[in-house]
Amino acid sequence: MLVKEKRDDMVNKMSTIRKVLSFKRKKLTKERVAHFVHAFDYFLNEKEDVTAVEASKKVGKCLSAKHQNVKRIMSSLEGGAAGSGGKEIDEVMDKILDSDGRKANKRRSLIDPRYFERIESRIGDLVKNDEYITREKVATICEEVTEEDAPEGATGVKVSERTAGRLLNTLGYHFGALRNRYTMTPSKIERVEDFLKDFNQAIVDQAAGKCIIVYMDETYCHKTQQRRHGWRGKANKGGVGSWNVGKTGIRKEKQVQCAKDVKGNKLGAKGGPRMIITHAFSKEGLVCLQNDDGDYIEFQDTIVPERELSQHAHSAGMVYEANKATGDYHDNMDSHVFMLWVKQRLLQTMIKKGNKRKIVLVLDNAPYHREHQVSCPNPLTSTKKDNIKTLQRLFSSGTRQGKEEIKSLTVTRHNEEHTFQFEAFGKFKRGKKRWKSGGPDVVELQVHTQRVVEKFAPEWLKTDLEAFMEEEGHQVIYTPPYLCSFQPIERLWAIVKGAVASEWREGRTLPEAFADLNTAFYGGIGAKTGIPYNAIKQDTCERMIKASIQQMDLVIEQFGVRCSGRVGEMEYDSDVEYEVDDDDDSGSDDESDDDAEN
């Protein structure tokens with residue numbers, strides 16, 4: 001009878017607080033929370049085998065509340081039962097429940113924050129091992145981490161994939177498109193460290209006043225250059241005015257490679273005519289003449305047609321209108337135009353500035369930067385077929401002693417020496433028995449071709465730029481492929497193109513876009529915003545160079561084999577051997593510009 005009376009009393013109390021505990025903009029009083037706790041204890045003690053989760057579900061069902069909210073409130077009470085005392089209920093009320101109902105309904109992670117550091121470290125290990133981060137893996141990590149502190153025989157906290165996704169957001173991860181993955185294989189690390197060795201020496205020489213490092217690159221800018229993301233009003237779903245970015249020509253041009261506007265003018269890949277921009281800077285600022293006050297003078301003030309690029313100018317900044325409406329702006333630049341820029345713009349401006357130091361030019365691996373006097377593909381990245389053709393041509397033009405060295409290759413395998421003749425260079429076959437009697441593999445032939453070409457025809461390995469710069473007493477350093485963070489001028493593009501985008505207005509012409517570009521480079525007042533822009537001076541260039549050097553230091557710290565320390569104080573040990581990587585793919589040196597619109 002007592003149990004029945006207790007049950008009836010509990011049902012009456014539940015009916016009075018059912019709507020209150022639905023967490024809809026209503027505050028919970030201490031009295032109602034006490035009823036809530038008693039209800040939980042009742043269901044928990046009704047049967048011996050009832051768990052806290054089952055009790056929470058029953059309370060939630062009776063009170064029309066979510067059992068997650070029930071569980072959250074009960075977990076906030078240290079005692080977790082009615083006998084825990086009114087003091088703890090008061091503490092919970094003051095800390096959590098005596099607030100707006102919507103705030104109390106905010107979802108909270110089932111994982112204790114004290115585990116976050118270890119979970120984030122495990123996720124970092126996935127990144128280091130080139131594994132994809134997925135919610136399934138994060139859920140497994142959560143269970144493993146919580147199991148480490150669980151009592152003996154107990155399991156870790158099992159969370160759903162949805163909870164794992166919320167945890168990733170809490171830790172600062174965001175779901176979105178993944179960029180191309182770049183794995184640092186031993187051969188790529190070797191190439192990166194070769195660059196770091198040369199660049200470190202250039203930094204040391206620059207500090208001693210022996211040289212000046214100049215960074216150069218090319219990019220493009222549309223006349224319709226504008227910001228792609230920004231806050232917008234609820235009624236204005238299109239962004240600016242009544243114009244919807246997603247439904248006009250800007251985005252439609254992605255679908256039509258050579259589209260035309262209403263006047264028949266050719267459009268670029270994304271919208272409107274575009275400018276091809278080439279510039280360079282050093283730690284002293286942009287490569288451009290300056291007056292006594294430090295202001296830039298005699299820079300290009302009009303868009304130069306491509307036929308007039310050969311004219312002298314006193315600024316490394318070269319801008320001309322693209323003559324091809326293809327998606328890749330590299331089609332509008334070739335080795336002829338590039339060499340004109342080096343001879344007529346870069347070197348002439350440096351001479352006019354009074355520079356008498358050696359110039360160390362740092363640039364990327366775009367194909368027009370690496371045009372060869374003699375057509376010879378890079379032996380270290382070529383296939384066996386291409387390297388055999390190179391050896392055949394070298395063999396036909398070499399001396400008798402050179403021919404003997406070219407056609408014979410000795411390799412060491414499992415402490416055994418094997419000598420192969422030229423006729424067997426293409427006969428390598430994998431297998432336990434056949435590899436001894438076959439020919440050299442790809443890597444062995446690449447090393448052999450590189451060595452004999454360096455010895456008997458070193459000019460084959462020099463690009464047109466390297467040959468010209470060496471003749472003038474200067475040096476060229478190519479950055480490793482696909483590591484645009486090593487190139488400080490990529491950060492310059494982000495600054496100037498962002499400024500041009502901020503000055504976008506309806507009907508802007510290409511000359512007006514060029515004027516906005518000059519304002520971003522050399523200072524001035526924004527045509528639309530009226531904002532004063534500071535010129536790209538020495539302090540800005542030094543910050544960009546410092547940021548790129550920090551990226552180099554991170555690569556040395558994480559992947560360094562022969563390199564150790566920091567750029568400027570780096571040590572290079574040539575005696576250290578790299579690991580053999582048979583699975584390393586032999587790619588091209590050609591590098592697409594990863595323009596920094598980031």
Side-chain angles (χ1 to χ4, degrees), residues 212 214-223 225 268 273-282 284-290 296-324 328-353 355 359 361-364 366-371 463-465 468-469 472 474 476 487-497 499-500 510-524 535-536 541 544 593 595-596:
I212 180 71
V214 176
Y215 309 88
M216 73 80 53
D217 195 20
E218 303 90 359
T219 188
Y220 68 96
C221 184
H222 289 282
K223 77 169 186 179
Q225 185 81 18
R274 54 185 172 179
M275 302 171 285
I276 306 301
I277 309 165
T278 304
H279 219 313
F281 73 84
S282 67
E284 300 172 352
L286 297 176
V287 180
C288 183
L289 292 185
Q290 295 175 273
Y296 292 113
I297 57 175
E298 298 189 31
F299 51 82
Q300 182 180 329
D301 55 0
T302 58
I303 301 178
V304 178
E306 188 174 346
R307 62 180 179 275
E308 298 180 11
L309 293 177
S310 60
Q311 296 180 359
H312 291 268
H314 298 143
S315 170
M318 180 178 72
V319 183
Y320 62 93
E321 184 176 355
N323 57 5
K324 295 181 180 179
D328 190 350
Y329 78 94
H330 289 285
D331 294 341
N332 292 278
M333 173 70 78
D334 56 30
S335 60
H336 173 69
V337 175
F338 171 68
M339 291 304 297
L340 282 178
W341 175 84
V342 172
K343 297 175 183 178
Q344 308 296 348
R345 297 295 181 93
L346 177 64
L347 296 186
Q348 291 296 327
T349 304
M350 294 296 290
I351 293 173
K352 190 73 175 179
K353 287 170 65 70
N355 176 69
I359 298 174
L361 186 61
V362 179
L363 68 168
D364 62 24
Y368 41 81
H369 292 165
R370 301 187 66 94
E371 191 75 16
T463 63
D464 292 347
L465 176 64
F468 172 76
M469 293 292 280
E472 296 292 326
H474 306 305
V476 175
Q487 180 57 280
I489 201 171
E490 296 287 0
R491 305 174 191 275
L492 175 64
W493 301 145
I495 295 174
V496 297
K497 294 173 75 171
V500 173
L510 194 63
E512 290 174 340
F514 173 74
D516 294 336
L517 181 69
N518 272 357
T519 300
F521 271 129
Y522 310 113
I536 305 298
C541 294
M544 292 187 290
D593 189 346
D595 281 327

Check ring pair (Phe, Tyr, Trp, His ring centres under 6.0 Å) between Y522 and all other residues, then give those that pass, not counting sequence neighbours.
Y296, F299
Listed partners of A499 passing side-chain contact (heavy atoms from CB on, under 4.5 Å), at least two apart:
A520, Y533
Qualifying residues under side-chain contact (heavy atoms from CB on, under 4.5 Å), relative to T278, sequence neighbours excluded
M216, E218, M318, M333, W341
Where do I489 and F281 come nearest, in terms of heavy atoms and distance?
CA-CE2, 3.5 Å
NZ on K497 to CG on L517, rounded to 0.5 Å:
10.0 Å
Looking at side-chain heavy atoms only, is the closest gap between L492 and L286 below 4.5 Å?
yes
Rounded at 0.5 Å granularity, tell me how far CE in M544 sits from CD1 in I495.
5.0 Å
Non-hydrogen atoms of M469 and V342 that approach each other most closely
SD-CG1, 4.2 Å
On a heavy-atom basis, which atom in P273 and which in L510 lie closest, and how many Å separate them?
O-CD1, 3.7 Å
To the nearest 0.5 Å, tell me how far F521 CZ sits from Q300 CD.
10.5 Å
Check: H279 and V496 side chains under 4.5 Å, non-hydrogen atoms
no
Can you name the nearest heavy-atom pair linking V214 to A280, along with the distance?
CG1-CB, 3.7 Å
Check Y220 against I277 and note the closest heavy-atom contact, atom names and distance.
C-CD1, 4.3 Å
Looking at residues at least two apart in the chain, or sitting in another chain, which of them share a side chain to side chain donor-acceptor pair (under 3.5 Å) with N355?
R357
Measure the CD-CG distance between E371 and L465 for me, rounded to the nearest 0.5 Å.
11.5 Å
If you look at every heavy atom in I536 and C541, which pair is closest and at what distance?
CG2-SG, 3.9 Å
Would a distance-only check, ignoring hydrogens and angles, find a side-chain to backbone donor-acceptor pair under 3.5 Å from Q487 to V362?
yes
Residues that L289 engages under side-chain contact (heavy atoms from CB on, under 4.5 Å), provided they are two or more places apart
I297, E298, H314, K352, K353
Would I359 and L347 count as a side-chain contact (heavy atoms from CB on, under 4.5 Å) here? Give the steps.
CA-CA 9 Å; I359 298 174; L347 296 186; 3.8 Å; yes
Atom CG of D217 and atom NE2 of H369: how far apart are they, to the nearest 0.5 Å?
6.5 Å
Nearest 0.5 Å, please: how far is CD1 in I351 from CG in L346?
9.5 Å
Would you find a donor on one side and an acceptor on the other, under 3.5 Å apart, between the side chain of R345 and the backbone of G317?
yes
